[in-house]
Number of protein chains: 2
Amino acid sequence: MDRDLQRQAGLALAEHHLLAIINEAGEQGIRPTDLALGSTLTKSGLTRAVDRLEALGLIASRVCPTDGRGQLLALTAKGRQKLRRAAPEFFRSVAQHFADHLTERETETLASAFERIAAADRR
Amino acid sequence: MDRDLQRQAGLALAEHHLLAIINEAGEQGIRPTDLALGSTLTKSGLTRAVDRLEALGLIASRVCPTDGRGQLLALTAKGRQKLRRAAPEFFRSVAQHFADHLTERETETLASAFERIAAADRR
DNA sequence: CGGAATAACTTGCGTAGGCAACTAGTTGAT
DNA sequence: ATCAACTAGTTGCCTACGCAAGTTATTCCG
């Protein structure tokens, strides 16, 4: 999937994932710490990934108004566009490599099992 | 799991995985190319991982008698010992992070689904 | 209100691993 | 038998990312 996305959308899978989470947060933005919870990165890895996305102009950060230590990250117009344009290839790739090989029932089982495992890990 | 294994058994999870596959192959050894199929590494990553395991004295390689380009990798006594000693922590960690959060039924579903996905990927 | 404890990042350093290009051995077609 | 095409593995280069230590801001006591 990483190669698919890299070739067809010029975006690494890890970056795509971060953009998708940041997108969920919408206008108001998301704190790096919260972003880390949704990814597999540590805070140091996150610092660098954020730097890269910012350098690419895909996200913008501003100082958090309620906590001077932290930031609030949000997609730029360019970032939203990049994400939107990557979507078809993303879903195609998910289908090809995963979804097409699973029944509906299996997909649901995986989803709930993974959710439970991830929740346990966050503690 | 990587951290668990690293701390308790002095072995990275990726290395453990390779040792386990090589162990399956037994006395006769396994070709790096076949080893790559069971791991997530590319052949270049594999070259280096093999170098490391060899430098640690955990595996030994000999030239393949039927194909002068290739090698046959097998565990050394030290490698077998390392793997055996890591086993308790490995299974404990699997249980803690995964198995304990799944029902029998889910575990079976995941196993067969993953097997199907991996098989599709090998093509 | 002042200082210790904590939290949110950041940075220096080191390692793993991918890609593309390379070397060397094997196979297959003429 | 030869030479092209392929396959096994290796290497140079570069990037991502973890860990541990550092910086700055916040919180929580006393």
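In the text below, chain A, chain B and the rest are named by the order of the sequence lines, each starting its count at 1.
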Measure the distance from CG on A:Leu37 to P on C:dC9 and round it to the nearest whole Å. 11 Å
Please tell me if the side chains of B:Ser39 and B:Leu46 come closer than 4.5 Å, counting only heavy atoms from C-beta onward. yes
Measure CG/B:Asp2 against C1'/C:dT15 and give the value in whole Å, please. 12 Å
Most 5' of B:Arg7 and A:Ala14 on DNA chain D, judged by nearest nucleotide: A:Ala14
Just checking B:Leu46: base, sugar-phosphate only, or nothing, at a heavy-atom cut-off of under 4.0 Å? nothing
Verify the contact: side-chain N or O of A:Ser44 to OP1 or OP2 of D:dA20, cut-off strictly under 4.0 Å; return yes or no. no
Taking atom C1' of C:dG18 as reference, at what distance in whole Å does atom CD of A:Gln6 sit? 11 Å
Between C1' of D:dC17 and CG of A:Leu18, the distance in whole Å: 13 Å
Do any side-chain nitrogens or oxygens of B:Arg31 fall under 4.0 Å of OP1 or OP2 in D:dG9? yes
Quick one: B:Lys43 NZ to C:dC22 P, roughly how many Å, whole number? 13 Å
Any side-chain N or O of B:Arg3 below 4.0 angstrom from OP1/OP2 of D:dG18? no
Measuring only between side-chain heavy atoms, which start at C-beta, is B:Phe98 closer than 4.5 Å to B:Leu110? no
Side chain of A:Asp67, heavy atoms from C-beta onward: which of C:dT26, D:dG9, D:dT26 has the nearest atom to it? D:dT26
Starting from the 5' end of DNA chain D, give me the residue, A:Thr42 or B:Arg69, whose nearest nucleotide shows up first. B:Arg69
NZ/NE/NH1/NH2 to OD/OE distance under 4.0 Å, B:Glu15 and B:Arg48: no
With rounding to the nearest 0.5 Å, note down the distance linking OG in A:Ser93 to CD in A:Gln8. 9.5 Å
Kindly state which residues belonging to residues 47-64 of chain A come within less than 4.0 angstrom of DNA chain C, counting heavy atoms of the residue only, listed by number. A:Thr47, A:Arg48
Please report, rounded to the nearest Å, how far the C1' atom of C:dA16 is from the CG atom of B:Leu13. 13 Å
Between B:Leu41 (CG) and C:dT15 (C1'), how many Å, whole number? 14 Å
Determine whether B:Arg31 and B:Leu73 make a side-chain contact, defined as any pair of heavy atoms from C-beta on separated by less than 4.5 Å. no
If the threshold is 4.0 Å, N to carboxylate O, is there a salt bridge linking A:Arg7 and A:Glu89? no
Do A:Leu75 and A:Lys82 touch side chain to side chain, with heavy atoms closer than 4.5 Å? no
